[in-house]
Number of protein chains: 2
Amino acid sequence: MLSPKKQKFLDYIKSFISRNDRPPTFVEIMKGLKFNSLGTINWYIVQLESEGLIKRVKGSNGKRALSVLEKNIGNKLPMLGLVAAGMPIEVFDNVEYVDVPSKYINDENYVLKVDGNSMIDDGILDGDYIVVKKSQIARAGDTVVAILNGEATLKKYYLGKNGVELHPRNRKYNIIFVSTDDQLYIQGQVLGVFREYN
Amino acid sequence: MLSPKKQKFLDYIKSFISRNDRPPTFVEIMKGLKFNSLGTINWYIVQLESEGLIKRVKGSNGKRALSVLEKNIGNKLPMLGLVAAGMPIEVFDNVEYVDVPSKYINDENYVLKVDGNSMIDDGILDGDYIVVKKSQIARAGDTVVAILNGEATLKKYYLGKNGVELHPRNRKYNIIFVSTDDQLYIQGQVLGVFREYN
DNA sequence: TTACTTACGAGTAACTTACGAGGTAATAAT
DNA sequence: ATTATTACCTCGTAAGTTACTCGTAAGTAA
């Protein structure tokens, strides 16, 4: 938990970057935050770096520059894209971060937005968000994001007599029996679902 | 069991953290709780720590050493009880705190666990958690927690020709037309739903 | 040179901790 | 019926630590 002053310092850097599309120099921070010494700025930078919240990188022209790591963006996970039945996952180019319960915060997790109704009988509706944990394996009964022959899909994973079965949860769709000819990758396991009302 | 004064003290810390995203200083607690001595604050802290409800993070002493145990930390809201169709809300006596997206953290919100299937067609299943905002009013289309003649229920709120209608979202249940003889209290508006998989 | 980053020593205010003392109120002992 | 005893709570202040700030100087890359 960051002290208020460090938080303010970090917020300034973030907002500077979003305003100017480049990180501030030490002098700019000093003026913006009304400090009187570069030593103070450096002290904060060292502190924040040691706490893993920012890192220093070489700027484009060789001068040093700061960059803020994504991980400090609140209790948020990247929403990587849409998952819809029968389509590759559509990845957004500018990733949004969405607020999730803090227990899900972890490097292995990400968020997808659900497109379509293939899981409607499990209460996963079009437009819901799912928290996915990267994982190549699944247990029977897990809800998983799978890539079958290049197409992504959200299904329940089961083991039947003849191997893996992917069950949609919508009576209109059929169970998929995965044969040995098929290429199946489990991409992740669904940990949670959430939905917002306005 | 905690004495009332200690409970109040602990509650103050918890609510401070959820309001400000950081633990209070001794002075802040002193002012907030209208004590006149830091010694009193320290006495409570020592007491609560020895009862295992609080811990100090920074070893010996130092600034901002106060921190509440994980159980109470973070983005949690009280889960006040169960809401089931046709029953008063069942209030738990020892309130649990559940993790929710941080945007929902605020004194007006709380969490209920859903018991029953009256909203299944809206993807709200038995066992799901709902985030509820205390509110006596509702807009048409809102999902609300309402008390109708003493019975709590989770329904969608609409205005029909003859006044308020409460719609379940399960074909097996009927729409409730609220008459002027009925006592209807809107208790809160549902802001979000979430569900966990194991 | 110019524009910037790093490093260091030292000071101060903010904050926590320790300690001694005292004041109720309830229960037990005389 | 008075007096200890104990648990619970409150105060004031001194001492100890840390977080933050400064100024200055040296280092590094275009």
Side-chain angles (χ1 to χ4, degrees), chain A residues 1-17 19-69 72, chain B residues 1-17 19-70 72-73:
Chain A
M1 213 168 273
L2 229 44
S3 72
K5 294 195 173 186
K6 287 180 187 170
Q7 187 64 56
K8 189 179 167 197
F9 191 94
L10 184 59
D11 286 345
Y12 182 80
I13 294 178
K14 283 201 268 184
S15 90
F16 189 100
I17 292 177
R19 284 198 311 273
N20 303 338
D21 284 326
R22 66 171 179 83
T25 67
F26 280 33
V27 172
E28 284 166 334
I29 299 175
M30 187 175 82
K31 289 183 176 161
L33 256 26
K34 306 224 159 68
F35 285 117
N36 299 304
S37 168
L38 286 171
T40 305
I41 310 306
N42 189 241
W43 181 85
Y44 274 101
I45 297 292
V46 169
Q47 290 291 311
L48 290 174
E49 189 177 27
S50 77
E51 295 184 37
L53 292 162
I54 62 178
K55 68 178 174 189
R56 305 164 194 227
V57 296
K58 298 271 187 184
S60 55
N61 57 0
K63 286 175 181 163
R64 280 147 178 86
L66 301 171
S67 105
V68 179
L69 288 182
N72 73 74
Chain B
M1 261 308 139
L2 230 42
S3 71
K5 293 197 173 185
K6 286 181 187 170
Q7 185 64 56
K8 189 179 166 198
F9 191 93
L10 183 59
D11 286 345
Y12 182 79
I13 294 178
K14 282 199 263 184
S15 93
F16 189 101
I17 292 177
R19 284 198 310 274
N20 302 327
D21 284 329
R22 65 175 177 84
T25 67
F26 281 34
V27 172
E28 284 167 334
I29 299 174
M30 187 175 85
K31 290 185 176 160
L33 256 26
K34 306 229 156 66
F35 285 116
N36 299 303
S37 170
L38 286 172
T40 306
I41 310 306
N42 189 240
W43 181 85
Y44 274 101
I45 297 293
V46 169
Q47 291 291 311
L48 289 174
E49 189 178 26
S50 76
E51 297 185 40
L53 291 162
I54 269 183
K55 72 178 173 190
R56 297 140 123 136
V57 284
K58 297 283 162 82
S60 54
N61 74 348
K63 285 173 90 164
R64 209 153 287 117
L66 181 57
S67 142
V68 181
L69 276 189
E70 192 181 317
N72 300 316
I73 224 170

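So you know, we letter chains A, B, ... as the sequences are listed, proteins then strands, and number each from 1.
Partners of B:F9 under the ring-ring contact (aromatic ring centres under 6.0 Å, His included) rule, at least two apart in sequence or in another chain, are B:Y44. Taking the salt bridge (Lys or Arg N to Asp or Glu O under 4.0 Å) definition, one finds that B:K6 meets it with B:E51, sequence neighbours left out.
Of the candidates D:dC11, D:dC8, D:dG23, D:dG23 carries the atom nearest the A:N36 side chain, counting heavy atoms from C-beta on. Closest approach to the B:L38 side chain among D:dC20, D:dC22, D:dT13 is made by D:dT13 (side chain taken as heavy atoms from C-beta onward). Checking D:dT21, D:dC11, D:dG23 against the side-chain heavy atoms of A:S37 singles out D:dG23 as nearest.
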Which atom pairs link the protein and nucleotides 19-23 of chain C when you take only N or O atoms and keep those under 3.5 Å?
none

In sequence, state the C-alpha distance, the side-chain angles, and the governing distance for B:I45 and B:F26, and then conclude on side chain to side chain contact (heavy atoms under 4.5 Å, CB included).
CA-CA 9 Å; B:I45 297 293; B:F26 281 34; 3.9 Å; yes
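For the pair B:E49 CD and C:dA18 P, the computed distance is 10 Å after rounding to whole Å. For the pair B:L33 CG and D:dC11 P, the interatomic distance rounds to 11 Å; values are reported in whole Å. Remark: P of C:dA14 and CE of B:M30 are 14 Å apart, rounded to the nearest angstrom. In this structure, CD of B:Q47 is placed 13 Å from C1' of D:dT10, rounded to the nearest angstrom. Following rounding to the nearest Å, B:L48 (CG) and D:dC9 (C1') show an atom-to-atom distance of 13 Å. In this structure, B:I45 atom CD1 and C:dA18 atom C1' are separated by 15 Å, rounded to whole Å. Here the C1' atom of nucleotide C:dC15 and the CZ atom of B:R22 are 12 Å apart, to the nearest Å. Counting to the nearest Å, the C1' atom of C:dT5 and the CD1 atom of A:I29 are 11 Å from each other.
For the side chain to side chain donor-acceptor pair (under 3.5 Å) condition, the pairs that include at least one residue of residues 27-43 of chain A, sequence neighbours left out, are A:R22-A:E28, A:T25-A:E28. Counting only residues at least two apart or on different chains, the salt bridge (Lys or Arg N to Asp or Glu O under 4.0 Å) pairs with a member in residues 39-49 of chain A are A:E49-A:R56.
Take the nearest nucleotide of DNA chain D for B:F35 and for A:Y44: the residue whose nucleotide is more 5' is B:F35.
Neither OP1 nor OP2 of C:dC15 sits under 4.0 Å from any side-chain N or O of B:T25. Between A:K5 and D:dT21 there is a side-chain N or O to OP1 or OP2 distance below 4.0 Å.
For the atom pair A:S3 OG and A:K8 NZ, the distance stands at 12.0 Å (nearest 0.5 Å).
The shortest heavy-atom contact between B:I13 and B:I54 is CD1-CD1, 3.7 Å.
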